[in-house]
S.K.: 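I'd like to ask you about the structure that follows.
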Amino acid sequence: QALTRVAQELGVEIRTGCPVEAIVVHDGQVSGVVLEDDLYLPAQAVIANVDVATVYEQLLNGAVINTRRLKRLTSAEPSCSGFVLLLGVEGQHDSLAHHNIFFSSNYRREFRDIFKRGVPPAEPTIYVTMTSKANPDDAPPGHENWFVLVNAPALGRAWDWKREGSAYRDVVLQRLASLGLDVRDKIRVERRLTPVDIERLTGARRGALYGASSNNRWAAFRRPHNRAPDIKGLYFAGGTTHPGGGVPMVTLSGRVAASLLLDDLR
């Protein structure tokens with residue numbers, strides 16, 4: 001909200017609820033974007049904060065795509081995804097803080113399941129946060145709003161979330177119950193987000209939260225650059241480009257992309 005206020009004070013026009021269908025390129029230079037309703041918006045430059053691989057795979061015309069770059073982006077080992085439960089829970093849990101994490105007893109097995117077998121772990125590490133601890137108005141009196149997150153594999157053939165999502169929800173809640181946090185009969189509101197939903201809602205290819213994985217020592221140096229090397233006027237921000245994932249790093253990526261854009265337009 002603070003960033004929105006600052007942007008509007010600087011004259012930025014913000015449009016929401018208008019997905020981009022395509023980034024238009026002429027003679028190697030960005031010329032605008034086409035929205036889902038076929039409205040064309042001309043532009044000298046575009047900063048895309050969707051997954052870089054998704055941009056090349058879905059938002060650019062095949063005629064302008066560097067096929068070697070596309071293959072490199074789409075063949076990279078993906079990072080993990082996530083499985084999320086958004087719960088409205090009746091009661092107060094004084095033993096919990098705003099942020100809580102419950103580690104797996106076997107971290108190696110957990111990440112072997114995710115990255116080698118491509119299945120969600122049977123005993124996942126679970127992160128639970130509730131903003132109502134700091135802001136009571138975020139939940140009705142006598143209730144808490146739980147955000148429950150576990151690591152999950154990127155979308156692949158080994159696991160069908162549409163078929164298995166409900167069962168895995170039960171696995172997560174049973175694990176919480178084993179830790180003394182049995183809220184199964186206290187849930188009054190529930191929403192579930194699987195890697196399928198994350199891909200659909202955010203454009204994260206295969207639902208991977210950070211684009212390519214960081215499972216080798218050179219990964220951080222090989223992330224896609226914030227300036228497209230093959231299309232003038234196209235820039236990238238977000239968790240799949242430099243400097244990396246997480247709110248502080250993604251915010252920095254926006255500053256880097258904006259600085260490059262301004263330098264190029266001068």
S.K.: How far apart are the closest heavy atoms of Glu21 and Leu35, and which atoms are they?
M.R.: CB-O, 3.8 Å
S.K.: Of all the heavy-atom pairs spanning Gly244 and Arg223, show the shortest one and how long it is.
M.R.: CA-NE, 3.7 Å
S.K.: Hydrophobic clusters here meaning ILVMFWY residues chained together by side-chain heavy-atom distances under 4.5 Å, can you tell me if Leu209 and Val196 are in one?
M.R.: no
S.K.: Given the rule that I, L, V, M, F, W and Y join up when any side-chain heavy atoms are under 4.5 Å apart, are Trp161 and Val172 in one cluster?
M.R.: yes
S.K.: Just checking Leu3: does its CG atom have more than 12 heavy atoms from other residues, nucleotides or ligands closer to it than 6.0 angstrom?
M.R.: no
S.K.: Only one of Asn226, Asp264, Thr241, Asn49 forms a side-chain hydrogen bond (donor to acceptor under 3.5 Å, both in side chains) with Tyr235, so which one is it?
M.R.: Asp264
S.K.: Do NZ/NE/NH1/NH2 and the carboxylate oxygens of Arg112 and Glu110 come within less than 4.0 Å?
M.R.: no
S.K.: Nearest 0.5 Å please: distance from the CD1 atom of Ile187 over to the NE2 atom of His143.
M.R.: 12.0 Å
S.K.: Is there a donor-acceptor pair under 3.5 Å between the side chain of Gln58 and the backbone N or O of Ala53?
M.R.: no
S.K.: Examine the side chains of Ser105 and Glu123 and answer whether a donor and an acceptor come within less than 3.5 Å of each other.
M.R.: yes
S.K.: Working to the nearest 0.5 angstrom, can you tell me the gap between Asp182 CG and Leu176 CG?
M.R.: 9.0 Å
S.K.: Is the shortest heavy-atom distance from the side chain of Met249 to the side chain of His242 under 4.5 Å?
M.R.: no
S.K.: Is it true that, when you exclude Tyr168 itself, more than 12 heavy atoms of the residues, nucleotides or ligands shown sit nearer than 6.0 Å to its OH?
M.R.: yes
S.K.: How many angstroms lie between atom CG of Leu60 and atom CG of Leu70, to the nearest 0.5 angstrom?
M.R.: 9.5 Å
S.K.: Would you indicate whether the side-chain heavy atoms of Phe102 and Val128 approach each other to under 4.5 Å?
M.R.: yes
S.K.: Do side-chain atoms of Asn135 reach the backbone of Ser132 as a donor and acceptor pair under 3.5 angstrom?
M.R.: no
S.K.: Are the side chains of Pro121 and Ile114 in touch, meaning some heavy atoms are under 4.5 Å apart?
M.R.: yes
S.K.: Please walk me through it: do Val33 and Val24 pass side-chain contact (heavy atoms from CB on, under 4.5 Å)?
M.R.: CA-CA 5 Å; Val33 297; Val24 181; 5.9 Å; no
S.K.: Between Thr54 and Thr202, is there a side-chain heavy-atom distance shorter than 4.5 Å?
M.R.: no
S.K.: Identify whether Val84 and Leu181 are in the same connected component of the hydrophobic contact network (ILVMFWY, side-chain heavy atoms under 4.5 Å).
M.R.: no
S.K.: Report the relative orientation of the aromatic rings in Phe115 and Phe111; use parallel for angles under 30°, tilted for 30 to 60°, perpendicular for over 60°.
M.R.: parallel
S.K.: Evaluate Gln92 against Glu144 for side-chain contact (heavy atoms from CB on, under 4.5 Å), listing each step before the verdict.
M.R.: CA-CA 7 Å; Gln92 301 290 323; Glu144 296 171 332; 3.6 Å; yes
S.K.: Strictly below 4.0 Å, N to O, side chains only: are Arg206 and Glu199 in salt-bridge contact?
M.R.: no
S.K.: With hydrophobic residues grouped by side-chain heavy-atom distances under 4.5 Å, do Leu41 and Val55 end up in a single group?
M.R.: yes
S.K.: Side-chain contact, heavy-atom cut-off 4.5 Å: Arg15 with Leu39?
M.R.: yes
S.K.: Would you indicate whether Asp27, at its atom CG, is surrounded by more than 12 heavy atoms from other residues, nucleotides or ligands within a distance under 6.0 Å?
M.R.: no
S.K.: Do Glu77 and Ser213 have a side chain donor and acceptor closer than 3.5 Å?
M.R.: yes
S.K.: Is it the case that the side chain of His225 and the backbone of Arg227 share a donor-acceptor pair, with hydrogens and angles ignored and the cut-off at 3.5 Å?
M.R.: yes
S.K.: Kindly work out whether a path of hydrophobic side-chain contacts (I/L/V/M/F/W/Y, heavy atoms less than 4.5 Å apart) joins Leu234 to Val50.
M.R.: yes
S.K.: Taking side chain as C-beta onward, heavy atoms only, is Asn61 less than 4.5 Å from Val25?
M.R.: no
S.K.: Which atom names give the shortest non-hydrogen contact between Pro153 and Gly118, and what distance separates them?
M.R.: CG-O, 3.4 Å
S.K.: Using the side-chain contact (heavy atoms from CB on, under 4.5 Å) rule, take Val30 and Ile231 through it: C-alpha gap first, then chi angles, then the decisive distance, then the call.
M.R.: CA-CA 7 Å; Val30 163; Ile231 299 174; 3.8 Å; yes
S.K.: Between Asp113 and Lys116, is there a side-chain N and carboxylate O pair less than 4.0 Å apart?
M.R.: no
S.K.: Among Thr129, Leu86, Thr131, find the one that has a side chain to side chain contact (heavy atoms under 4.5 Å, CB included) with Asn145.
M.R.: Thr131
S.K.: Which distance, rounded to the nearest 0.5 Å, do you find between the CZ of Phe83 and the CG of Leu149?
M.R.: 10.5 Å
S.K.: Any chance you could lay out the side chain to side chain donor-acceptor pair (under 3.5 Å) test for Ser166 and Arg192, step after step, and finish with the verdict?
M.R.: CA-CA 9 Å; Ser166 294; Arg192 185 167 64 232; 3.2 Å; yes
S.K.: Knowing that exactly one of Asp51, Asn66, Asp230, Thr67 qualifies, which makes a side-chain hydrogen bond (donor to acceptor under 3.5 Å, both in side chains) with Tyr56?
M.R.: Asp230
S.K.: Would you sort out whether Gln174 and Arg184 count as a side chain to side chain donor-acceptor pair (under 3.5 Å), showing the intermediate values?
M.R.: CA-CA 8 Å; Gln174 172 56 41; Arg184 288 172 291 189; 2.8 Å; yes
S.K.: For the residue pair Phe147 and Tyr127, categorise the inter-ring angle as parallel (less than 30°), tilted (30 to 60°) or perpendicular (more than 60°).
M.R.: perpendicular
S.K.: Indicate yes or no: at least one non-hydrogen side-chain atom of His98 is less than 4.5 angstrom from one of Met130.
M.R.: no
S.K.: Looking only at heavy atoms, which two atoms of Val183 and Trp146 are closest? And how far apart?
M.R.: CG1-CH2, 3.7 Å
S.K.: Taking Ser104 for its side chain and Pro124 for its backbone only, find out whether a donor-acceptor pair lies under 3.5 Å.
M.R.: no
S.K.: Determine yes or no for a side-chain-to-main-chain donor-acceptor pair under 3.5 angstrom, with Ser79 supplying the side chain and Gly211 the backbone.
M.R.: yes
S.K.: Show the numbers, then the answer: is there a side-chain contact (heavy atoms from CB on, under 4.5 Å) between Ile47 and Phe236?
M.R.: CA-CA 5 Å; Ile47 298 177; Phe236 301 109; over 6 Å; no
S.K.: Grab the two heavy atoms, one from Val250 and one from Ser253, that are nearest each other, plus how far apart they are.
M.R.: O-OG, 2.6 Å
S.K.: What is the minimum heavy-atom distance between Ser178 and Arg175, and which atoms define it?
M.R.: OG-O, 2.6 Å
S.K.: State the CG-CZ distance between Asp185 and Arg188, to the nearest 0.5 angstrom.
M.R.: 7.0 Å
S.K.: Nearest 0.5 angstrom please: Glu164 CD to Thr194 OG1, how far?
M.R.: 12.0 Å
